[in-house]
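For reference, the structure discussed in these notes is given below.
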Amino acid sequence: MYRRRFKKKTEEKYPDTIEGFGYIVKDNGAVRSKETDEKYNFEYHYKDRALNELRYAAFIDLIGNLVEDKLQASPLNFQKAIIPVNADPAKDPFTYIYMTPKAMTTTDKLLFLIPGNNTRIGQWSKRVMCDETIYSGSMLDVSRRAIEKGYEVMILNPNGIYWYDNKAQEMPPKTHMNFITVPENGSPEEHCCYVLRNFILKSKANRIAAITVGWGGYNLTEMLNENGDFFKNRVLAVAMADSTHSSDLIKGDDKRSWMRNHVVNWAVSTETALGKPLNDNRFGCECLSSGLEISDFTLPTCIDLMWRFIDVKMGDLPPTAADEIDNEILSEEARQEEEKELDEHLNVVSIG
């Protein structure tokens, strides 16, 4: 009786350029085949998902290099800031965030960006980068528009905290557990709170806004829980895409009141038209429909609506009937009056 011998798969060597994979990045940022002008073909190996995922990871890594290069180049001019702040990159585990040159010194507007899970710094969605453009799928478009509107920008890096092979990576290794996390950045939430304490709080900006995707929304609520006074005093608007946070985890009526008045979450829904209210009380903030069924595309689809919301809350655009989202976004004066009354109520409760 003979036993079938399985051939051992040889390790595939991947090209070190995007063109080596057979693709180009067009002037508009679209990633397309050099031969057919089609989108990235995930099914390169017939019915071999494991090999296709490895090949895709190598390809996306090259796209990620290009995105980071563009972030650091003119006209965006992002600069790296090492984390922890006292780390010596020559010998210590470290990660980094990106900041525009005057992010810490501007007294005007600051925007900070928090991605979801499993993405490299500067990216919103690998799928959108491959299917649409590297600009809409990364933070390049949002950063460009923010700078044109007079913002300085910070890009957080909640996933790049796993240290192995002499660098910070977005995921733990798949083949072994020989890794550590970057000191003081042991989880995505811990990273975001570290950036809050050591960078955002120390910035001089008077008006601050944020855009988050997926788990980034939960990370923001952990930042809110850590320093609610900062958010109440300086953060005027947060636009979320398919956030995973829950109002039950927000600590305190004052913080929940801030969420109701300053945060909008755009969420997937095929039953409700784009921009229409969703009846979902889980989040403790206004929820609007993206009109979509795939969450990767929520942010690029809704980004114009997000910017309108941010512009109004930041005082850069006068509110109109169309901008009053379900008539529940309060004016700045009404917000301050409501929060003052809530603070007085909490003082009375605490005294009693």
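Any value given below was found using the heavy atoms of this structure, including those in side chains, with hydrogens, waters and symmetry copies removed.
Applying the ring-ring contact (aromatic ring centres under 6.0 Å, His included) test to every pair with at least one member in residues 123-143, sequence neighbours left out, gives no pairs at all. Among residues at least two apart or in separate chains, salt bridge (charged side-chain N to carboxylate O under 4.0 Å, His left out) pairs with a member in residues 18-29 are Lys26-Asp37. Each ring-ring contact (aromatic ring centres under 6.0 Å, His included) pair with one or both residues in residues 194-217, not counting sequence neighbours, appears once here: Trp215-Tyr218. Listed by first then second residue, pairs satisfying side chain to side chain donor-acceptor pair (under 3.5 Å) with a partner in residues 153-169 read Thr95-Asn157, Thr119-Asn159, not counting sequence neighbours. Residue pairs meeting the salt bridge (charged side-chain N to carboxylate O under 4.0 Å, His left out) criterion with at least one partner in residues 149-164, sequence neighbours excluded, are Lys149-Asp311.
Remark: Ser289 engages no residue in a side-chain hydrogen bond (donor to acceptor under 3.5 Å, both in side chains) (not counting sequence neighbours). Applying the side-chain hydrogen bond (donor to acceptor under 3.5 Å, both in side chains) criterion to Thr298, with sequence neighbours excluded, gives Asp242. Considering only residues two or more places apart in sequence or on other chains, Arg145 meets the side-chain hydrogen bond (donor to acceptor under 3.5 Å, both in side chains) condition with Asp304. Applying the salt bridge (Lys or Arg N to Asp or Glu O under 4.0 Å) test to Glu148 and every residue at least two apart in sequence or in another chain returns Arg144. Listed by chain and number, the residues in a ring-ring contact (aromatic ring centres under 6.0 Å, His included) with Phe42 are Tyr56 (sequence neighbours excluded).
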Distance-only donor-acceptor pairs under 3.5 Å for side chains of residues 80-93, two or more places apart:
unit_1 : atom_1 : unit_2 : atom_2 : d
Asp88  : OD1    : Ala90  : N      : 3.0
Asp92  : OD2    : Asp88  : N      : 2.8

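Put simply, the side chain of Asn225 never gets that close to the backbone of Ile250: no donor and acceptor are under 3.5 Å apart.
Clustering of Ile, Leu, Val, Met, Phe, Trp and Tyr by side-chain heavy atoms under 4.5 Å joins Leu292 with Val128, Ile294, Phe297.
Crowding of Lys251 atom NZ: a count of heavy atoms from other residues, nucleotides or ligands under 6.0 Å not exceeding 12.
Between the side chains of Asn65 and Arg120, at least one donor N or O sits under 3.5 Å from an acceptor N or O.
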